[in-house]
Amino acid sequence: MTSLKKVNIGICGLGTVGGGTFNVLTRNAELINSRSGSDIRIVQVGSRRTNPACDLSGVGVTDDIFEVAANPDVDVVVELVGGTSIAFELVLAAIENGKHVVTANKALIAQHGNEIFEAAHKKSVMVAFEAAVAGGIPIIKTLREGLGANRIEWLAGIINGTGNYILTAMEEQGRKFEDALEEAKALGYAEADPTFDVEGIDAAHKLVILASLAFGIPLQFDKVFTEGIGKLDLQDVAYARELGFRIKHLGIARQVGKGVEVRVHPTLIPANSLVAEVDGVMNAIMVKGDAVGPTMFYGAGAGDEPTASAVVADIIDVARALNCAPEARVPYLAFNTAEFSDTPVLPIEDVETAYYLRMRALDRPGVLTQVASIMSDRGISIEAIIQKRPQSGQDHVPLIMLTNKAREGELMAAARDVEKLDAIDGDVIHLRVEYLDR
Ligand code: HSE
């Protein structure tokens, strides 16, 4: 029997994902080695803290992660430290030392990926980041390889497990926002700074990576339109239900005539669509390709071993590709850099979608006509209206509308005009509606 080629791994960071990766690699070593055709071994762990879930006996441990990046025995540095400062330095140091890198760090790739890939290209090393998007779902491999034949028209998905966990707990169990967030933190789903989850920043990190893979554009995190679930009002969740929709926090990237839409926000989707059924920490991404049509990918978007599943798959890929000439490897972002397109990411004003509007209107004749006329002057057509009965002692009533597709700039201008009407009290709340059917 020929001996397997040794591939030595150094894991940096032994938190939720680091611990999961250590345990999956150790537990499934035999089958991982059979699949990769290599003898993959963890030779060093860099972490300031131990993880009680991991048996580190026989493995070198250091509290200095840069020692791992410099260790001549390490072939692949697995960066599971998180954040964008030390992790960035670590990854650049590992690359400089000729190590391949596997990372689960979406913030790092979204913000510094272009630079990291350039450095890796110069050193002919691989950088793999499957775990950066949607935890255990192999969506990066899918876009980069499985759907390689397709012109991607759009993709849309639930790509933050914590946000979906909180929304589901609030909607289905009537739980309080803060309690649900605490639970997501305790389960290891939330980011070190959970405002990243709540404000949609984590989803934006992931979406920018998906948009780049889908459309062959450079990573442009600063151009993503981002709204979180923090300001979502439960009355809108209830009205959406009445209209046949559920509200999910989606990342959406779409190629349109003038450019690419890349946006993250709470979205009304038809209650009978598959994505509307995705609850808790689960993620789901729909991808529409011109050849394959609509596809959907579903799985756990966060958590120790689901995320480790993706990290270890990358380690296997790196081990398999070690003997492959650099130019024959799959490009980091699916397209060769020289082929990147300069298609612009559109500002939110130029995005076209349907809308849900809610306002408080005086309960008197003619108000609806005034609102409808402002909308129609801007070419916005109203598809459905609900007006609630006034509650005792109140002279304003909630007025809820669904519009057809409109340009966001036009919709916002109409909303500002509606807010100026004497009969309207306060702001016009607007949420975007997607049918995910074309
Ligand atoms: N905080 C992230 C989430 C972890 O909740 O989806 C996985 O990226």
Side-chain angles (χ1 to χ4, degrees), residues 109-110 113-114 117 129-130 132-134 137-159 203-204 206-221 223-225 248 250-265 267-270 272-278 283-299 301 310 317 328-348 350-354 404-408 432-438:
I109 298 296
N114 298 322
F117 299 141
F129 51 97
E130 181 63 66
V133 182
I137 306 174
I139 190 65
I140 290 179
K141 201 173 196 50
T142 297
L143 285 169
R144 199 155 50 183
E145 298 173 50
L147 297 179
N150 288 263
R151 179 174 295 280
I152 305 296
E153 295 174 5
W154 55 265
L155 59 86
I158 297 171
I159 47 178
K206 294 165 180 167
L207 185 66
V208 81
I209 298 172
L210 294 181
S212 196
L213 288 158
F215 305 123
I217 53 176
L219 296 157
Q220 298 163 78
F221 176 64
K223 305 253 175 76
V224 186
F225 174 80
K248 289 288 180 189
L250 294 192
I252 300 168
R254 189 190 302 271
Q255 175 107 52
V256 292
K258 290 175 285 181
V260 178
E261 297 178 1
V262 189
R263 50 195 167 99
V264 163
H265 49 72
T267 313
L268 275 78
I269 51 175
N272 63 3
S273 71
L274 281 176
V275 177
E277 302 283 333
V278 175
N283 280 195
I285 300 148
M286 288 184 78
V287 184
K288 170 82 191 304
D290 66 339
V292 71
T295 57
M296 182 163 144
F297 306 88
Y298 170 85
D317 259 3
R329 293 175 189 153
V330 183
Y332 309 107
L333 288 171
F335 291 75
N336 291 309
T337 321
E339 307 294 327
F340 272 170
S341 131
D342 56 5
T343 311
V345 174
L346 296 176
I348 192 67
D350 285 340
V351 160
E352 282 191 28
T353 186
N404 278 344
K405 251 183 156 188
R407 205 179 66 84
E408 177 130 346
R432 299 164 192 91
V433 181
E434 293 287 341
Y435 293 88
L436 308 176
D437 59 350
R438 257 163 275 158

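At least one side-chain heavy atom of V287 sits less than 4.5 Å from a side-chain heavy atom of L143. The side-chain heavy atoms of R263 and V345, taken from C-beta on, include no pair separated by under 4.5 Å. When side chains are defined from C-beta on, Q255 does not count as touching I152, because their heavy atoms never get closer than 4.5 Å.
For the residue pair G299 and I137, the shortest heavy atom distance occurs at N-CD1, 3.4 Å. The shortest heavy-atom contact between L219 and G113 is CD1-CA, 3.6 Å. Nearest heavy-atom pair, L436 versus A156, reported as atom, atom and distance to 0.1 Å: CD2-CB, 3.7 Å.
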Notebook entry, point to check: Passes side-chain contact (heavy atoms from CB on, under 4.5 Å), H265 versus L250? Steps please.
Noted result: CA-CA 6 Å; H265 49 72; L250 294 192; 5.8 Å; no
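We find that R407 and E352 are not joined by a salt bridge, their nearest charged nitrogen and carboxylate oxygen being 4.0 Å or further apart. With respect to E434 and R254, a salt bridge is recorded, a charged nitrogen being found less than 4.0 Å from a carboxylate O.
Here F117 and F129 bring their ring centres to under 6.0 angstrom of each other.
Surrounding CG of D437 are more than 12 heavy atoms belonging to other residues, nucleotides or ligands, all under 6.0 Å away.
Judged by distance alone, with hydrogens and angles left aside, the side-chain atoms of E130 form a donor-acceptor pair with the main-chain N or O of I140 at under 3.5 Å. A distance-only check finds no donor-acceptor pair linking the side chain of S341 to the backbone of I217 [under 3.5 Å]. Judged by distance alone, the side chain of T267 and the main-chain N or O of R432 form no donor-acceptor pair under 3.5 Å. Remark: the backbone N or O of P270 is paired with a side-chain donor or acceptor of S273 at under 3.5 angstrom.
To the nearest 0.5 Å, the span separating CG on N114 from CG on L333 amounts to 7.0 Å.
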